[in-house]
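Note that ligands are numbered from 1 as they come in the structure, with each ligand's atoms numbered from 1 the same way. On a predicted model such as this, the values are computed, not experimentally measured, just so you know. The chain is numbered in sequence order, starting from 1.
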Amino acid sequence: MLPRSLLSYLRRPLCASTINPAPSRPRYIQGSGPCLNAGIPESKTTVPPLAFVFDIDGVLLRGPNVLPATQNGLRYLRDNPFGGDIPFVLLTNGGGVSEKFRSEKLSKQLGIKIAPNQFIQSHTVLKALAHRHFDKSVLILGGQLDAAQKVAEEYGFKKAYTTADVLAWNPSVWPFYTLSHSEQRTVRQANFSQESISAIFVFHDPRNWGLDVQIICDVIQSGGIIGNPYVPPSQQLSSPIEVIFCNPDLLWQSDFPRPRLGQGAFKEAFQAVYKSLTGVIYPYIQYGKPSQATYKFAEQILTDRVEEMYGVRKLPHVYMIGDNPESDIAGANAAGWSSVLVHTGVYDPHQGPPTHQPTFEAEHVEQAIRSAINLWAEAGKGKC
Ligand code: G3P
Ligand code: MG
């Protein structure tokens, strides 16, 4: 069960946008580096002085491919100078399937066991919010077919629908697209002239931007019941239908040579259309890196992991290893963690300095892990 402080933080009322700008100063300058609180732990049962949070796309994987340095890097977490296994969790802005499915798939790819409770996706933080909407009709956007819908149901959303369900109800809602056979097989029957949608959750990258933008606008402008007369824009804003985005990434790194548009680009497209229709930007909640809520959540999950491994609730010094300055580094800096920017993903050092300054940069994940561990090991030997 999540602690009261985090739950109250996640349940705070709707506001325009919740991204927190990060201080752009390397962490060490403030003197909280290894020198001050290092020292080699006496035994395997002593919590190591540091822990890791790994981004996935552009750090461990590129699209379906495991990056060459990944396995050696993760193995060093077991075979390190501190004796005990160094705790780590994965924190991705990806999603669309269950944490269990992804952790099992990645464990097979890496040949290293990753437990579901070590796996934080962009929407995992919503587990704490599902009870607020459990009996209300909500729309779940993004991902393949009804995979994200099933995840939402697992989290506790009892009346979770997709835009394919809406299109199946009335094909004229978006006359430019016909559901495929595989989509038709996943449809949940509902009469949306009776279902008032109370919130819209963008769980993962939408596959059909046109259909999804149309239906978000329909729900908002008709006050929840698609096809109903429009409510005045002032009312659309004064008692807004909640729109929650789980991943702000404009770009992400797949196996294509150049970064690809992400969920953040979909959000921009929706807002551009909504602004053309109403003259204003629609208020929304933003989760995912670099949001503070996601980093607070990750700290909780990492502390749970340390307790699971060492029987004590303690958060060692945290290193975030990421490829995206806007999400991984910005969020880690704002959370007071150390941050390492690798050159295997979105950030290209040939394009100039990063928009958010990491604690240090590394060619790839193995170099990042070894540098951080050796820094603390050296400090432990008083060589700082
Ligand atoms: O869709 C996922 C992408 O935006 C970034 O994923 O693992 O780099 O946070 P990740
Ligand atoms: Mg990444």
Side-chain angles (χ1 to χ4, degrees), residues 19 22 52-67 69-70 73-74 88-97 99 101-103 105-106 109-110 114 118-126 141-144 147-148 151 201-207 209 212 245-269 286-291 293-295 297-298 301 319-332 335 337 339-349 354-356 358 361-365 368:
I19 297 184
F52 288 91
V53 176
F54 294 106
D55 172 47
I56 296 180
D57 293 308
V59 172
L60 305 180
L61 303 178
R62 271 189 72 147
N65 311 315
V66 176
L67 282 161
T70 299
L74 293 181
F88 71 93
V89 297
L90 307 184
L91 178 61
T92 175
N93 271 349
V97 291
E99 288 73 23
F101 176 87
R102 284 218 57 201
S103 60
K105 183 176 173 209
L106 194 58
Q109 284 180 286
L110 301 180
I114 311 268
Q118 278 181 283
F119 209 103
I120 308 166
Q121 303 187 98
S122 61
H123 43 70
T124 311
V125 71
L126 296 180
L141 273 57
Q144 295 278 2
V151 175
F201 293 88
V202 187
F203 261 49
H204 193 32
D205 302 44
R207 271 34 177 194
W209 287 25
D212 291 2
F245 290 92
C246 294
N247 170 8
D249 289 351
L250 190 65
L251 297 171
W252 69 289
Q253 189 63 54
S254 72
D255 49 346
F256 189 77
R258 307 303 315 148
R260 303 294 77 193
L261 294 178
Q263 190 184 129
F266 170 79
K267 179 179 72 184
E268 296 302 321
Q286 181 71 68
Y287 291 118
K289 301 172 287 184
S291 76
T294 289
Y295 279 82
F297 184 70
I301 300 297
Y319 276 84
M320 173 84 207
I321 315 292
D323 71 306
N324 187 329
E326 298 289 336
S327 57
D328 306 310
I329 306 305
W337 302 357
S339 55
V340 186
L341 180 60
V342 296
H343 300 169
T344 48
V346 168
Y347 173 65
D348 176 357
T355 51
H356 293 270
E361 293 184 26
E363 282 308 309
H364 47 62
V365 66

Atom of [X], atom of [Y] and distance for their closest heavy-atom approach:
{"X": "Y347", "Y": "P325", "result": "CB-CD, 3.8 Å"}
{"X": "A298", "Y": "I120", "result": "CA-CD1, 3.6 Å"}
{"X": "N93", "Y": "C246", "result": "OD1-O, 4.4 Å"}
{"X": "M320", "Y": "F54", "result": "CE-C, 4.3 Å"}

What protein heavy atom sits nearest [atom], and how far off is it?
{"atom": "atom 5 (C) of ligand 1", "value": "D249 OD2, 3.3 Å"}
{"atom": "atom 3 (C) of ligand 1", "value": "W252 CB, 3.4 Å"}
{"atom": "atom 7 (O) of ligand 1", "value": "T92 OG1, 2.6 Å"}
{"atom": "atom 6 (O) of ligand 1", "value": "D57 OD2, 3.0 Å"}
{"atom": "atom 8 (O) of ligand 1", "value": "D55 OD1, 2.8 Å"}

With heavy atoms under 4.0 Å as the rule, classify the contact between [X] and ligand 1 as side chain, backbone, both or neither.
{"X": "N247", "answer": "side chain"}
{"X": "K289", "answer": "side chain"}
{"X": "V346", "answer": "neither"}

So, [X] side chain and [Y] main chain: donor-acceptor pair closer than 3.5 Å or not?
{"X": "T344", "Y": "G58", "result": "yes"}
{"X": "T294", "Y": "G288", "result": "yes"}
{"X": "H364", "Y": "V342", "result": "no"}
{"X": "Q253", "Y": "D57", "result": "no"}

Considering the heavy atoms of I56, write down every atom of ligand 1 situated less than 4.0 Å from one of them.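 The atoms of ligand 1 under 4.0 Å from a heavy atom of I56 are 7 (O).
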Identify, by atom number and element, the atoms of ligand 1 in contact range of G94, meaning under 4.0 Å from any of its heavy atoms.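 Heavy-atom distances to G94 below 4.0 Å select 1 (O), 2 (C), 6 (O).
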Can you classify the ring geometry of F203 versus F201 as parallel (below 30°), tilted (30 to 60°) or perpendicular (above 60°)?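 Plane angle over 60°, so perpendicular.
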Is any protein N, O or S atom closer than 2.8 Å to the Mg ion (ligand 2), and if so, which?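 N, O, S partners closer than 2.8 Å: D55 OD2, D57 O, D323 OD1.
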Listed partners of D55 passing salt bridge (Lys or Arg N to Asp or Glu O under 4.0 Å), at least two apart: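 D55 satisfies salt bridge (Lys or Arg N to Asp or Glu O under 4.0 Å) with K289 once adjacent residues are dropped.
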E326 vs T355, side chain to side chain donor-acceptor pair (under 3.5 Å): CA-CA, chis, key distance, verdict: CA-CA 7 Å; E326 298 289 336; T355 51; 2.8 Å; yes
